[in-house]
Amino acid sequence: NFPFENLYIMASAKSAGTTVTFKGKDYVVEELTENSFDKPIDIALFSAGGTISEKFAPIAAAKGVVVVDNSSAWRMNKEVPLVVPEVNPEDIKWNKGIIANPNCSTIQAVVPLKPLHDKYGIKRIVYSTYQAVSGTGVKGIKDLEEGLRGNDLNQAYPHPIAGNCLPHIDVFLENGYTKEEMKMINETHKILGDDKIKITATTVRVPVFDSHSESINIELEKPFEIEDIKKLLAEFPGVVLQDDPDNNIYPLAREAAGKDEVFVGRIRRDFSVDNGINLWVVADNIRKGAATNTVQIAELLIK
């Protein structure tokens, strides 16, 4: 139900001329060119990869369009806000024509971290992620589908994904971390506006089609009561608390798929450190982790 007068669908020359149906109306796909933004366009939602975004986002911005970009191209640029609407909506105000959508695994993590940081202060975070194959696109889905049939394709990954957990998302860097792990570390600092938080991450691809799951271990600055933490999270926008272990209720990837919220459960004290806590956080990586967050940013722009 996004309000608009005109909708333009743009893609590469290969897709030009095909039709996309939205709300019962057919739209013909146009080829994206340097002149595409000569039309009266207010907002452009980009999700065509970093190379396209690097070239065309500045062209659009120069013509008065506000770009909400879903690639990694602009996320760590100091001139570009990196926004999760529940967490740092005020950052939208200093955009210069481009707003970046964060990495999927970071988006769902910072939503529950925000109220904790505001009330108790976060000293340290340990991320361990269990990420769905849809995060790799159609090739990742095909690898898992075929792998489950006993036919290992290895189109998307260096090893079979069916029956496996791959501690390898994106490329390895010189420091031994993967690019995905460093994205989570750097983006969390930027979105929460606090570089002092100590953060480490291990990101893992698992044989699940949709929804990323994350174990988040947090060391807070101040003491807390578990019931206060649960109440704080239950009341925070965009969070659904699912925490009733006696009845086997906790966030699940299959249940989060197709939904826009971030699901949080398994909230318990970490007795190994002062003021430590563990959370289990699950969200649909294509919805809240990408498309939904992008549209929420556009809705904020209209407000």
Side-chain angles (χ1 to χ4, degrees), residues 47-52 70-73 75 101-110 125-188 199-217 242 248 250-266 278-294:
S47 193
T51 309
I52 298 296
N70 194 39
S71 78
S72 60
R75 288 177 188 155
N101 202 47
N103 187 36
C104 49
S105 47
T106 310
I107 290 174
Q108 70 183 73
V110 295
I125 302 166
V126 180
Y127 287 131
S128 306
T129 74
Y130 308 78
Q131 294 180 222
V133 295
S134 56
T136 318
V138 289
K139 283 183 180 173
I141 292 169
K142 195 82 193 285
D143 270 16
L144 181 53
E145 282 174 346
E146 288 299 316
L148 291 172
R149 295 186 184 109
N151 174 28
D152 291 328
L153 283 183
N154 294 15
Q155 284 185 343
Y157 310 112
H159 304 283
I161 187 63
N164 240 349
C165 293
L166 308 181
H168 177 186
I169 299 180
D170 212 325
V171 296
F172 283 102
L173 304 170
E174 281 184 17
N175 64 4
Y177 283 74
T178 63
K179 208 169 170 184
E180 181 83 358
E181 289 157 355
M182 292 310 299
K183 279 180 194 173
M184 289 197 76
I185 294 166
N186 296 329
E187 291 179 23
T188 300
I199 309 174
T200 189
T202 303
T203 60
V204 182
R205 189 73 67 191
V206 296
V208 168
F209 285 107
D210 297 297
S211 304
H212 291 348
S213 304
E214 300 176 350
S215 166
I216 308 180
N217 177 269
Q242 293 183 326
N248 300 326
Y250 32 73
L252 295 169
R254 276 170 63 158
E255 288 182 11
K259 299 188 175 79
D260 293 322
E261 299 83 9
V262 175
F263 299 87
V264 183
R266 294 295 323 275
N278 288 296
L279 308 179
W280 179 249
V281 178
V282 181
D284 186 320
N285 54 297
I286 305 296
R287 294 285 286 262
K288 182 55 183 166
T292 302
N293 199 75
T294 304

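Scope of the values below: all heavy atoms of this structure, side chains included, with no hydrogens, waters or symmetry mates. Predicted model only: the values in this text are computed from it and were never measured.
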Is [X] reaching over with its side chain to a backbone N or O of [Y], donor-acceptor style, under 3.5 angstrom?
X    : Y    : value
N175 : Y177 : yes
T129 : V204 : yes
R205 : C165 : no
D260 : K288 : no
R75  : N101 : yes
T178 : I169 : yes

For K259, does the NZ atom sit with more than 12 other heavy atoms under 6.0 Å from it, leaving out its own atoms?
yes
Test applied, side chain to side chain donor-acceptor pair (under 3.5 Å); reference residue, N103; option that passes from K179, E180, E187:
E180
Steps toward side-chain contact (heavy atoms from CB on, under 4.5 Å) verdict (F209, V133)
CA-CA 5 Å; F209 285 107; V133 295; 4.1 Å; yes
What distance separates [X] [atom1] from [Y] [atom2], expressed to the nearest 0.5 Å?
X    : Y    : atom1 : atom2 : answer
I216 : Y127 : CD1   : OH    : 5.5 Å
H212 : S105 : NE2   : OG    : 6.0 Å
E181 : L173 : CD    : CG    : 8.5 Å
D143 : Q155 : CG    : CD    : 5.5 Å
E261 : T292 : CD    : OG1   : 9.0 Å
T200 : M182 : OG1   : CE    : 9.0 Å

Contacts of Y130 that satisfy ring pair (Phe, Tyr, Trp, His ring centres under 6.0 Å) - sequence neighbours left out:
W280
Given E146 and R149, is the salt bridge (Lys or Arg N to Asp or Glu O under 4.0 Å) satisfied, shown in steps?
CA-CA 5 Å; E146 288 299 316; R149 295 186 184 109; 2.8 Å; yes
Can you name the nearest heavy-atom pair linking [X] to [Y], along with the distance?
X    : Y    : value
H168 : P158 : ND1-CG, 3.7 Å
S134 : D210 : OG-OD1, 3.3 Å
P102 : I107 : O-CD1, 3.5 Å
D284 : A256 : CB-O, 3.6 Å
N278 : N217 : OD1-ND2, 2.9 Å
N285 : S211 : OD1-N, 2.9 Å

Residues T203, K183; criterion side-chain contact (heavy atoms from CB on, under 4.5 Å); working and verdict:
CA-CA 10 Å; T203 60; K183 279 180 194 173; over 6 Å; no
Report the C-alpha distance between L252 and V282 in whole Å, list the side-chain angles of each, state the deciding distance to 0.1 Å, and finish with yes or no for side-chain contact (heavy atoms from CB on, under 4.5 Å).
CA-CA 7 Å; L252 295 169; V282 181; over 6 Å; no
